Amino acid sequence: MSETTTRQPAAPGWGIGRVLLVLLPLLGLGLVIALIFLTGTGLGTSNLPPIEELTIERITLPEPGLIKLSIVNGGPDPVTVAQVQVDDAYWQFEMEPEQTVPRLGRATIQIPYPWVEAEAHAILLLTSTGATFEGEVPVAFQTPGFDWETLLRYALLGFYVGVVPVALGLAWHPFLRNVGRTGLNVVLSLTVGLLVFLFIDTLMEALEIAATLCQIPHVSAPVVAAKVRHPFSAKVRQRKQPGFHPDCATSVVTQTASGSAEEGSEVPASNCRLSFPFQGSVVVVVLSPPFQNGNRR
Amino acid sequence: MITRRNFLKVGAWGGAAAGLAALVGRGPVQAQEPPSTHNEHLLSTAHGANMPVGQVDHARNGFTPYELATEFDTGRVSSLPDGRTLREYSIVAVDKEIEIAPGVFFPAWTYNGRIPGPTLRATEGDRVRITFVNNGTHPHTIHFHGVHRDVMDGVPGIGDGEIAVGGFTTYEFDAEPFGFHPYHCHAIPLKRHIHKGLYGAWIIDPKEGRPPAREFVMIMNAFDTNFDGENEVYALNTVAFAYANEPLRVKVGELVRLYLANLTEFDPINSFHIHGNFFNLYRTGTRLEPDELTDTVMQCQGERAILELRFPYPGKYMFHAHQSEFVELGWMSFFEVVEDDEEVAAPAPRLTYAHPIPEARGEI
């Protein structure tokens, strides 16, 4: 073995030739990439029929007799919304900026439809090729506008999520101070376990939501990232600091509170999944995904 | 759904939420107000806001809804040695994109570039010769309802069977029995060949003729635009809401005769209902005495009838399927009954339509 080792030639120096040997393949790679970008792959798909992919991001009921949709085109081709059906009836509508939505473009549709409170409505977009995209209002309620009452709701929400749990956790501080090392370990283990579970669960949910979103490859990534920025994960990092913190119980409550806030996003979902501002606000607070409402097809 | 996480949430928040929720105080949203101002100005329009946006380009389609209802192809007429009348027709199958509702294009298979195909018309006992050329992209046939030999039946495997792309055949038979019949492609898969648009009307007049009347051919059809086995667009003669936009004009008191057939696929039945009037119903048109006086008739797929009526009063009278779903998806029409001879000759101009959204009407 030692002989073999000694027979190995000494490492060559970094002459011009060797540098070229490193660079040439890289240059080749750059050339190929450039060619693909400039001229395509030659695997043309021009013979295929257009692939239409519209996502109804959000349906709101801003006032009686009016339905508003915001849509995004996540497909490779422009899509023209030719007609709109509400509850299996063609209905007049107005679309901004125009009826043809370019790739990655957005548009809003206003439909003067006499929706019925507490009942379900189905919306169907018919494109120029006859493809259909469906939206749903499971239970119709007027979408509250932005006023003082709404603001108060949001403030209250913040109070639930941010102030109450911290206060309750701090209230435990005097008790935990005297609970002893073993007791503290018990509480801390419980906390860490909860954190890990919640983190994984949140991540799974984020991936699930991402899967229902507009099918643009790069859109799902921010959702996951946003989930990772979730307060839970922040807490996880915080708790990794060495030493014991008697107020670790705070984190338990905080996480539970955050979970509850998410639950808030599910409650209106059962009322009017796409129009209640509660959902928007909560998910923005907790998740901040760009397309949080998803496509409910 | 109760997950472990939800269970934990509930445990931690059950008590707190119960107390604090009271602070919010109010229920979700107040009860709904009366229907919006958005709808008020619609009441004067033909069918409110239940109309498509935009207009169909009939020139691009190559036919107008009025032509489809009022044009009859009586063939090239000659006499046979035995003195009988020979009528020769030409039908070509072609693929064609048809605008079935404003902005909605259906990749159709057609006879002579239109749906329904040409309305063929003969008199009972005439010899009929139809030259069929398949310029489409799939094998097709023409199967006529009527009395004839099996080789002229236009079904796969009998006679010339399915006519290959680029091929042709001649269907020849005597026109019988008198009445109103459909013809359609019988190539397989049958359902698709019919719903793609290969069908038309075939009228055999009785020898003694029928009383003079203003006549319209009305084929109830529908289109499955996303090919999911359900129709997205319903219509009378292909174009949704066509006769709601441009009512069919008739004159007060004159006899109006409708040749009504159901060529809808996927839905087993379709129906016809007239407003403000009743009609005499001649089922399949094979007898000269009416079967029924009614204002609504139901037809299975392939069923047909001749309807006769007179409008005693001028005005606009709706007619449509009595399945409300079909109405709202396009099978909605109007007769406009006028007293002036000149007015009745031409199709009515479009009903003025006020856009439901004020901004779009330029009012705000």
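As the structure is a prediction and not an experimental result, all values here were calculated from the model. Just so we're on the same page: letters track the sequence lines, and every chain starts at 1.
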Would B:Leu329 and A:Gln85 count as a side-chain contact (heavy atoms from CB on, under 4.5 Å) here? Give the steps.
CA-CA 8 Å; B:Leu329 289 173; A:Gln85 288 178 15; 3.3 Å; yes

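- When the shell of 6.0 Å around NZ of A:Lys68 is examined, it contains 12 or fewer heavy atoms from other residues, nucleotides or ligands.
- Below 4.5 Å, heavy atoms of chain A meet heavy atoms from B:Thr225, B:Asn226, B:Glu232, B:Val233, all part of residues 223-233 of chain B.
- The shortest heavy-atom contact between A:Pro112 and B:Ala49 is O-CB, 4.4 Å.
- The side-chain contact (heavy atoms from CB on, under 4.5 Å) search around A:Val186 returns none, not counting sequence neighbours.
- A donor-acceptor pair under 3.5 Å is absent between the side-chain atoms of A:Gln83 and the main chain of B:Pro52, judged by distance alone.
- If you tally non-hydrogen atom pairs under 4.5 Å between each of B:Gly330, B:Gly103, B:Ser324 and chain A, the highest count goes to B:Gly103.
- In this structure, chain A has no heavy atom under 4.5 Å from any part of B:Phe106.
- Remark: B:His275 pairs with B:His273, B:His320 by the ring pair (Phe, Tyr, Trp, His ring centres under 6.0 Å) rule, at least two apart or across chains.
- B:Phe326 is linked by a ring pair (Phe, Tyr, Trp, His ring centres under 6.0 Å) to B:Tyr234, counting only residues two or more places apart in sequence or in another chain.
- Summarising the geometry of A:Ala82 relative to B:Pro102, their closest heavy-atom pair is CB-O, 3.8 Å, with the distance given to 0.1 Å.
- Put simply, the side chain of A:Gln99 reaches to within 4.5 Å of the side chain of B:Val53, judged on heavy atoms.
- The line from CG of B:Asn50 to CH2 of A:Trp91 is 5.0 Å long, rounded to the nearest 0.5 Å.
- Proximity to chain B (any heavy atom under 4.5 Å) is shown, for A:Thr80, by neither the backbone nor the side chain.
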